[in-house]
Every structure is written in C-alpha cells, then in structure tokens.
There are 2 protein chains.
Amino acid sequence: MGFSMRAVRVETTVRRDQIARAALALIASRGTHALSVAAVARRVGLVPSAIYRHFRSKDEVLDAAIAHVGDLLLGNVAAARAATGVPIERLHVLLGRHLSMIREHGAIPRLIFSDDVYGGHAARKASMLRALRAYLDQVAEIAREGQEQGSVRADLEPDTVALLFMGLVQPAAVLWHLSDGRFDVSTHAERGWRLLSETLAPRDAGPASAAAPTAAEIPRLIRIPEDRT
Amino acid sequence: MGFSMRAVRVETTVRRDQIARAALALIASRGTHALSVAAVARRVGLVPSAIYRHFRSKDEVLDAAIAHVGDLLLGNVAAARAATGVPIERLHVLLGRHLSMIREHGAIPRLIFSDDVYGGHAARKASMLRALRAYLDQVAEIAREGQEQGSVRADLEPDTVALLFMGLVQPAAVLWHLSDGRFDVSTHAERGWRLLSETLAPRDAGPASAAAPTAAEIPRLIRIPEDRT
DNA sequence: CGGACTTGTGAATCGGCATTCTCTTTGCTC
DNA sequence: GAGCAAAGAGAATGCCGATTCACAAGTCCG
C-alpha cells in the first residue's frame with residue numbers, strides 16, 4: 001500500500017494542474033485547514049519538497065486552486081448555454097449543475113469564506129472576487145437575453161437576478177454541509193426555483209407557463225432529519 | 001501603551017464571556033485562522049496561559065463563540081418582533097438587522113464555513129446547525145403568522161420562505177466581504193426584498209399593496225454610504 | 001492575621017508545518 | 001553514451017502556536 005516508490009517523472013505543466021486539483025479536493029473534503037504542503041504532496045504521490053519544483057510557495061498553490069474554481073464555474077455556464085437556447089431553461093440547467101458541483105466538491109463555498117482568501121494578500125481576495133463576478137455576470141447576461149426576448153420581466157436588474165440566483169444555492173449549500181448531506185438540497189432548490197421563475201416571468205404572461213414546473217411534480221418536503229442531540 | 005501590568009482579577013463567569021466575545025471579534029476581523037489562544041488573550045488583556053483558567057482548551061473557546069453567535073441571531077429575531085406586529089414588516093426589519101450584523105462582525109458566515117466547524121468534532125457542527133435551524137425556524141414562524149392573517153401566500157412552505165430569506169443575505173455578505181465593503185449591500189437588499197415581498201404577497205391582493213410597502217415609506221433601516229463596485 | 005481557593009504570570013515543552021539544501025534519478029539531445 | 005537540465009527524495013532548519021507547570025498575587029472567611 002503506502003510504499004515509498006519514487007514517483008514517475010512528470011512535466012511541470014501537468015504537475016501544476018494535478019497539484020491544483022489535489023489542493024481543491026483537499027479543501028473540499030477537509031477544509032483549508034487541511035491544506036498542508038505535505039497533504040497535497042501525498043495526494044499527488046510526491047514528497048513535500050517536490051511541490052516546490054512546481055510552485056514557489058503554498059500560497060501559489062492556493063491561487064492555482066482558486067483559479068481552477070473559476071474555470072469550473074464558467075464551465076458550468078458554458079454547459080448550460082449549450083444545453084438549451086431558452087434563457088429561463090438555461091438558468092434552470094445552471095442551477096442544477098451548480099448544485100451538483102457543490103455536492104461533489106463542496107470546496108467552493110468553503111474556499112470563498114476561507115481565512116486564506118480573506119486574510120491572504122489583497123490580490124488573492126481580488127482574484128476570487130473576479131472569478132465570482134465573472135460568474136455572476138454570465139448569469140446576469142442570460143437574464144438580459146431573457147428580457148430581450150420578453151420571457152423575463154423587463155423591470156428587473158439583471159444583476160439582481162444573478163444575486164437572487166446565487167441566493168438560491170448558497171443557503172442550501174450551507175445546510176447541506178452542516179447536516180452532513182442530510183438536507184435535501186434538490187427539493188429546496190426546486191421549490192426556490194419555482195418561486196424565482198415565477199417572479200422572473202412577466203406579470204401578464206400568466207403564472208409561470210413553461211418556466212415553472214407544476215406543484216404536483218415537485219417532490220417532498222425539505223427534510224432535515226431531526227437529530228436530537 | 002503595551003505595558004505588562006498585571007490584569008485585574010475577574011471572576012470566571014465574566015471572563016468566559018469576555019473571552020467568547022473576543023474570539024468572535026477576532027474571527028470577524030481576521031478569520032478563524034487568526035483565532036489563536038495568544039490573540040484572544042491579548043485582546044482580553046491576559047496572558048495566553050491565563051485562558052486555561054477559564055476554558056479547558058481552544059476548542060471550548062470556539063464553542064463558546066459559536067453559542068454567542070446563536071444568541072445574537074435570536075436576539076435579532078426578538079428585536080424584529082418587538083419592532084412591529086406585522087409579519088412582513090418583521091421580516092423586513094429582521095433583514096436590516098441581519099445585514100448590519102454582518103457588517104459589524106462578519107463573523108457569522110465565516111464561522112459557518114470555517115474548517116473548525118466542519119472539521120471539528122461532529123458535536124460542534126451539530127450545534128452550529130442547531131443554531132442556524134433555530135434562526136430559520138423563527139423566520140418560518142413569522143412567515144406562518146403572515147399566512148394565517150392572509151398577508152402571505154398560503155401555498156408557500158414557511159421553510160422555503162425562510163431559506164429564501166437567508167438567500168437574500170448571503171450572497172450580499174459574500175460580495176461585501178470580498179469587495180472590502182465596496183459592494184452596495186443595502187441597494188441589493190432593497191431590490192431583493194422588493195422582489196421577495198412581491199412574491200410573498202397573495203396574487204389576488206394586487207401587486208404589492210399593503211404587503212410590500214414602497215421603498216419610500218420604509219424607514220431606512222439599511223443604510224450604507226458606500227460607493228458602487 | 002492565616003490558610004484555602006481562585007486567578008494571573010512566565011518559562012518551558014512539544015508538535016506540526018513551510019521552506020531550504022544537497023544529493024539522486026530521469027529523460028532529452030547531440 | 002556524455003552532458004545537462006528538469007524533477008524527485010530526504011534530512012535539517014526554524015517558526016509558530018497549544019498546552020503544562022510551578023510560582024505569585026488577590027480575595028474570602030474565620
């Protein structure tokens with residue numbers, strides 16, 4: 001098992017990527033706290049000092065991880081755009097992808113709030129902000145397209161829509177994490193989505209036509225099994 | 001200034017509270033990362049080892065801080081209840097208080113996502129979840145009251161309303177933090193609130209009549225001089 | 001005043017972790 | 001196959017932070 005075979009030699013460009021992913025995975029599973037050079041190295045199959053062949057410092061590793069998050073987020077947007085041409089549906093697809101992303105590697109919210117991002121150099125904070133804004137801008141852009149074609153109320157600020165969209169995801173993420181996955185994210189998301197899409201739809205267009213699934217097909221309750229401690 | 005006067009002797013019950021507050025303040029300003037026994041001690045005017053007269057370990061200090069957060073949240077609810085009897089208005093007041101709370105000591109979101117909460121004993125995670133749930137339950141309760149008196153749509157799950165409410169605050173908090181306070185929280189909050197209250201209002205009651213007061217007649221609870229991003 | 005208890009202090013201790021240095025291995029190129 | 005540069009290994013260094021311990025100073029009560 002945990003032998004000490006010498007790692008196969010791999011070129012830096014590849015290693016950097018592996019390391020960034022490993023860092024992200026670590027943060028996702030055990031928090032930024034667990035992000036030690038040693039841990040990252042182990043995960044990649046290297047020895048701690050080897051990391052320094054590819055990054056100047058631990059900080060740089062973190063930066064790479066953050067950049068990776070940004071890529072993932074934008075990748076989701078691209079996928080949602082590819083999935084359908086209808087703005088509202090795009091948002092719905094995006095919501096779903098965003099949620100699965102959080103389920104898989106819940107690193108994003110943790111990273112966003114991590115001390116390393118806050119406390120770190122202003123540069124890091126700024127790049128995190130850029131990544132988030134880029135994502136929000138994409139969402140806003142989709143909303144704007146909806147407005148242009150009349151499927152979204154024209155009196156809404158696209159930016160506000162983007163923030164509300166984010167607000168649909170975040171609390172769910174929090175509860176999901178805190179409850180060890182017992183909180184039913186998808187049900188919450190669908191309910192929230194129904195309300196949001198209803199809100200986005202122009203008033204005169206009738207209550208949520210194609211946009212909102214009917215109440216009947218929406219599953220059960222928000223379930224957080226009461227663990228009486 | 002930083003002399004080494006011996007600290008005046010104070011009884012444990014008081015010290016424990018001081019220490020919990022200090023810990024929270026530290027987390028708020030510089031993250032859980034900065035929560036060292038030494039830092040807490042300095043803030044209280046003690047020497048590191050003195051902390052151990054009042055807490056068994058650093059972990060216990062953190063627990064105390066978390067408990068304090070719960071108290072603060074519930075205190076906000078109580079204040080909102082006291083401020084007005086109208087459910088919708090209560091939510092609005094609560095929103096304002098919640099936001100100022102985040103501005104003052106942004107510790108809450110950071111704590112919630114902190115590694116210490118996630119990685120720490122399951123017990124800590126559980127108590128954080130309890131605190132959050134208690135808060136959400138209060139919000140849901142207010143929504144339920146609104147439904148009883150007809151000012152809130154009856155077809156909404158109070159729990160869903162509570163989560164949406166939380167979703168109004170969280171993204172704002174994130175951006176506010178990341179942008180060093182440059183993000184205009186109050187504008188976002190007011191826009192989001194307008195939509196939410198519109199959504200909560202019964203459809204037949206006309207668009208935002210009594211339920212959603214116009215921005216003009218709402219006392220300016222949320223106020224921030226900031227510029228835009 | 002004199003103990004007994006409580007709170008505060010300062011000097012160790014101890015472990016974890018980032019970073020550095022030197023040496024070895026590997027792979028490419030001529 | 002020699003030479004060289006990139007990549008990996010492992011030991012050493014040094015710092016920072018939690019925790020412990022023996023001692024001092026206040027406080028309470030008789």
Side-chain angles (χ1 to χ4, degrees), chain A residues 1-23 26-27 29-66 114-117 119-121 124, chain B residues 2-23 26-27 29-65 114-117 119-121 124:
Chain A
M1 314 280 288
F3 285 81
S4 44
M5 279 192 28
R6 192 183 184 89
V8 284
R9 188 185 166 137
V10 170
E11 57 177 292
T12 275
T13 59
V14 178
R15 278 285 191 237
R16 283 183 63 94
D17 197 59
Q18 291 180 351
I19 292 173
R21 288 172 191 276
L26 264 174
I27 293 173
S29 63
R30 299 208 302 284
T32 62
H33 208 66
L35 184 68
S36 67
V37 177
V40 173
R42 206 175 322 123
R43 208 161 213 283
V44 181
L46 288 180
V47 99
S49 60
I51 299 295
Y52 291 83
R53 289 287 170 212
H54 313 288
F55 290 92
R56 270 183 212 291
S57 66
K58 179 186 170 180
D59 266 10
E60 275 194 6
V61 173
L62 227 191
D63 287 334
I66 291 175
S114 77
D115 307 325
D116 303 272
V117 168
H121 295 305
R124 199 208 305 295
Chain B
F3 284 80
S4 45
M5 279 192 27
R6 191 183 184 89
V8 284
R9 188 183 169 145
V10 170
E11 56 177 289
T12 273
T13 59
V14 177
R15 277 286 190 234
R16 282 184 63 96
D17 197 60
Q18 291 180 352
I19 293 173
R21 288 172 191 276
L26 264 174
I27 293 173
S29 64
R30 297 207 303 284
T32 63
H33 207 66
L35 183 68
S36 68
V37 178
V40 173
R42 205 175 323 123
R43 210 163 211 284
V44 181
L46 288 179
V47 100
S49 59
I51 300 294
Y52 292 83
R53 291 285 172 215
H54 312 288
F55 291 92
R56 269 184 213 290
S57 67
K58 179 186 171 180
D59 266 10
E60 275 193 6
V61 173
L62 228 190
D63 287 333
S114 77
D115 308 324
D116 304 273
V117 168
H121 296 305
R124 201 209 305 295

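Just so it is clear, the values below take in all heavy atoms, side chains as well, and ignore hydrogens, waters and symmetry mates. Small disclaimer: the values here were computed from a predicted structure and weren't measured.
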*If you take all heavy atoms of B:L26 and B:V40, which pair is closest and at what distance?*
CD1-N, 3.6 Å
*Atom-pair distance (OH on A:Y52; C1' on C:dC21), nearest Å*: 13 Å
*Identify which nucleotide among D:dG10, C:dT7, C:dT25 has an atom closest to any side-chain atom of A:S49, counting heavy atoms from C-beta outward.*
D:dG10
_Can you identify which nucleotide, out of D:dA9, D:dA18, D:dG8, has its nearest atom closest to the B:S36 side chain?_
D:dA18
*Over how many whole Å does the gap from A:E11 atom CD to C:dT25 atom P extend?*
23 Å
*Could you tell me the separation between the CG atom of B:L46 and the P atom of C:dT6, rounded to a whole number of Å?*
18 Å
*Would you say the base of D:dG8 and the side-chain of A:R9 have a donor-acceptor pair closer than 3.5 Å?*
no
*Within the structure shown, what part of the strands sits under 4.0 Å from B:A7 by heavy-atom distance: base, sugar-phosphate, or nothing?*
sugar-phosphate
_Please report the distance, rounded to the nearest Å, between CD1 in B:I19 and C1' in C:dG8._
12 Å
*Nearest whole angstrom, please: distance from the C1' of D:dA24 to the CE of B:M5.*
16 Å
*Can you name the closest pair of heavy atoms from A:A65 and A:A23 and give their distance?*
CB-CB, 4.2 Å
_Length of the line joining A:R56:CZ and D:dA7:P, which is rounded to integer Å_ = 14 Å
*Taking only the side-chain nitrogens and oxygens of B:H54, find out if one of them lies under 4.0 Å from OP1 or OP2 of C:dG8.*
yes
*How close do B:A22 and B:V44 get, heavy atom to heavy atom, and via which atoms?*
CB-CG2, 3.7 Å
_Nearest to the B:R53 side chain among D:dA9, C:dT9, D:dT19, which nucleotide is it?_
C:dT9
*Whole angstrom value for the distance that separates P of D:dG17 from CG of B:L26*: 12 Å
*Side chain of B:V47 (C-beta onward), nearest among D:dA9, C:dA18, C:dT9*: C:dT9
*Do we see a donor-acceptor contact under 3.5 Å between the side chains of A:Q18 and A:R15?*
yes
*B:L35 near the nucleic acid: base, sugar-phosphate alone, or nothing, with a heavy-atom cut-off under 4.0 Å?*
sugar-phosphate
_Sub-4.5 Å side-chain heavy-atom contact between B:R124 and B:D63_ = yes
*Determine: side-chain N/O of B:R15 to OP1/OP2 of C:dG8, distance under 4.0 Å, yes or no.*
yes
*Report the distance from atom CD1 of B:I51 to atom P of D:dT20, rounded to the nearest whole Å.*
14 Å
